[in-house]
Amino acid sequence: MPIASAAASVALEGFELRVLHLPLVTPFTTSFGTETVREAIVVRALTSGGDGWGEIVTSAAPLYSSEYTQSAWDVALRWLAPALLDRGTLAPEEVAGVLRPFVGHRMVKAGLELAVLDAALRSEGRALGEYFGVARDRVPSGVSVGIQRDPAALVDVVRGYLDEGYARIKIKIKPGRDVGDTAAVRDAFGGIMLQVDANSAYTLADADTLAELDRFDLLLIEQPLQEDDLVDHAALARRLTTPVCLDESIVSAKAAADALALGAASVINIKAGRVGGYLEAVAIHDLCRDASIPVWCGGMLETGIGRAANAALAALPGFTLPGDVSASSRFYARDIVTEPAVLEDGHVRVPTGHGLGVEIDPVALEDFTVARETLTR
Ligand code: OSB
Ligand code: MG
């Protein structure tokens with residue numbers, strides 16, 4: 001289902017970028033390490049028809065991907081935002097093409113594109129979900145649970161999320177914290193939708209350990225091996241009955257097609273930041289839908305900006321598995337939007353307001369800002 005009708009062009013006047021520090025309600029531990037503060041970059045596109053908002057989902061350190069806050073900040077201000085400002089007037093669908101000569105830096109491209117798209121849709125009075133052509137007004141909400149002190153603590157944390165109504169649980173695993181943690185959660189909660197995420201922490205030499213997970217009836221195992229290990233993922237997929245899902249490896253629609261052709265994945269986690277934008281994300285959705293490959297919407301601890309966009313994306317029909325589209329309160333006591341996403345009956349609502357459908361809380365934005373830069377034409 002390609003985008004039904006193109007968005008309006010906008011006359012760009014500038015970009016304002018901010019680094020924010022948002023405290024997390026609880027530390028988040030993955031195979032990469034522990035975070036207690038979300039360092040995020042918020043983009044404001046300044047246009048003659050009003051502002052648009054986007055978010056660059058880089059982390060402070062280059063652990064999940066090669067991008068990180070300071071690389072994003074530098075390339076956005078030095079190269080990518082100036083290239084867009086040089087064009088002056090452009091449609092959101094043209095952003096990726098203007099930025100294509102610059103290699104990589106997909107999270108930055110995604111954040112800039114989203115800000116332009118939001119400005120365009122707000123000026124037209126159209127919601128992002130409507131632009132994508134979604135048919136659902138809410139999406140089931142899954143939650144990503146970090147590694148805890150021990151399996152008993154993990155079971156307690158998972159119980160809390162299940163009590164809140166989350167529709168699916170994903171637990172982070174790493175070597176030494178895999179079979180035991182998964183067994184503890186599965187023993188405690190027999191019937192729940194459960195999946196695991198390794199964040200690239202294994203090699204093919206760990207296939208025997210990973211095959212032990214087959215007995216837990218998992219929805220999938222996410223990114224067991226390194227980002228560029230497509231052939232090894234295919235070999236591992238042949239050894240497991242648990243479906244292999246790729247996250248880090250899928251950096252574009254081309255990478256998704258290649259992974260599917262190789263048999264490296266039978267499920268794909270779609271994250272707009274990782275693939276260079278929401279339009280590329282829709283393209284991956286479309287190609288997976290044509291290939292009958294289930295997809296789900298991943299998360300990057302987004303603020304209310306990215307969280308709203310993810311809810312709209314996840315409402316496309318090919319997103320047949322619950323995504324990491326949790327309530328804002330999963331990570332934040334205070335968000336930067338006036339109406340943060342809430343959990344209702346295990347779902348989050350697809351915003352219907354113009355553009356992203358959320359409004360920025362200027363006081364919260366200011367309170368969390370630690371750096372700011374504005375570029376104008
Ligand atoms: O691998 O899916 C991941 C967060 C940061 C970086 C990578 C990942 C994650 C998550 C959290 O699992 C997902 C969320 O935002 O809820
Ligand atoms: Mg992941």
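Order of listing sets the numbers, starting from 1, for every ligand and every atom in it.
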Quiz: residues 18-30 side-chain donor-acceptor pairs under 3.5 angstrom, not counting sequence neighbours:
unit_1: R18; atom_1: NE; unit_2: E16; atom_2: OE1; d: 2.9
unit_1: R18; atom_1: NH1; unit_2: E366; atom_2: OE1; d: 3.3
unit_1: R18; atom_1: NH1; unit_2: T369; atom_2: OG1; d: 2.9
unit_1: H21; atom_1: NE2; unit_2: E39; atom_2: OE1; d: 2.6
unit_1: T29; atom_1: OG1; unit_2: T34; atom_2: OG1; d: 2.7
unit_1: T30; atom_1: OG1; unit_2: F32; atom_2: N; d: 3.0

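- Residues V43 and V98 share a hydrophobic cluster, clusters being chains of Ile/Leu/Val/Met/Phe/Trp/Tyr side chains in contact below 4.5 Å.
- Among protein atoms, those of element N, O or S found less than 2.8 Å away from the Mg ion (ligand 2) are D197 OD2, E222 OE2, D247 OD2.
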Between ligand 1 and the protein, tabulate every N or O atom pair separated by less than 3.5 Å, reporting distance only.
unit_1: ligand 1; atom_1: 1 (O); unit_2: K172; atom_2: NZ; d: 3.1
unit_1: ligand 1; atom_1: 1 (O); unit_2: D197; atom_2: OD2; d: 2.9
unit_1: ligand 1; atom_1: 1 (O); unit_2: N199; atom_2: ND2; d: 2.7
unit_1: ligand 1; atom_1: 1 (O); unit_2: D247; atom_2: OD2; d: 3.1
unit_1: ligand 1; atom_1: 2 (O); unit_2: K170; atom_2: NZ; d: 3.0
unit_1: ligand 1; atom_1: 2 (O); unit_2: D197; atom_2: OD2; d: 3.4
unit_1: ligand 1; atom_1: 2 (O); unit_2: D247; atom_2: OD2; d: 3.3
unit_1: ligand 1; atom_1: 2 (O); unit_2: K271; atom_2: NZ; d: 3.0
unit_1: ligand 1; atom_1: 12 (O); unit_2: S144; atom_2: OG; d: 2.9
unit_1: ligand 1; atom_1: 12 (O); unit_2: K170; atom_2: NZ; d: 3.3
unit_1: ligand 1; atom_1: 12 (O); unit_2: K172; atom_2: NZ; d: 2.8
unit_1: ligand 1; atom_1: 15 (O); unit_2: M300; atom_2: N; d: 3.2
unit_1: ligand 1; atom_1: 15 (O); unit_2: L301; atom_2: N; d: 2.8

Evaluate the side chain to side chain donor-acceptor pair (under 3.5 Å) criterion for residues T303 and E55: first the C-alpha distance (whole Å), next the side-chain angles of each, then the deciding distance (0.1 Å), finally the verdict.
-> CA-CA 8 Å; T303 72; E55 173 170 0; 2.7 Å; yes
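- When the side chains of ILVMFWY residues are joined at heavy-atom separations under 4.5 Å, either directly or via intervening members, V251 and V244 end up in two distinct hydrophobic clusters.
- Exactly one of D324, D181, D197 qualifies for a salt bridge (charged side-chain N to carboxylate O under 4.0 Å, His left out) with K172. That residue is D197.
- Here the side chains of V325 and R307 are not in contact, with every heavy-atom distance at 4.5 Å or above.
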Return all side-chain donor-acceptor pairs below 3.5 angstrom for residues 264-281, not counting sequence neighbours, or 'none' if the list is empty.
unit_1: N269; atom_1: OD1; unit_2: R274; atom_2: NH1; d: 3.4
unit_1: N269; atom_1: OD1; unit_2: G298; atom_2: N; d: 3.4
unit_1: N269; atom_1: ND2; unit_2: E222; atom_2: OE2; d: 2.9
unit_1: K271; atom_1: NZ; unit_2: Y64; atom_2: OH; d: 3.1
unit_1: K271; atom_1: NZ; unit_2: D247; atom_2: OD1; d: 3.4
unit_1: K271; atom_1: NZ; unit_2: D247; atom_2: OD2; d: 2.8
unit_1: R274; atom_1: NE; unit_2: D247; atom_2: O; d: 3.0
unit_1: R274; atom_1: NE; unit_2: I250; atom_2: O; d: 2.6
unit_1: R274; atom_1: NH1; unit_2: D247; atom_2: O; d: 3.2
unit_1: R274; atom_1: NH1; unit_2: D247; atom_2: OD1; d: 2.7
unit_1: R274; atom_1: NH1; unit_2: N269; atom_2: O; d: 3.0
unit_1: R274; atom_1: NH2; unit_2: I250; atom_2: O; d: 3.2
unit_1: R274; atom_1: NH2; unit_2: N269; atom_2: O; d: 2.6
unit_1: Y278; atom_1: OH; unit_2: N310; atom_2: OD1; d: 2.7
unit_1: E280; atom_1: OE2; unit_2: A253; atom_2: N; d: 2.8

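- Follow the hydrophobic side-chain contacts under 4.5 Å out from I173 and you reach L236 in the same cluster.
- Both the sub-6.0 Å distance and the 45° axial angle are not jointly satisfied by R78 relative to the ring of W73.
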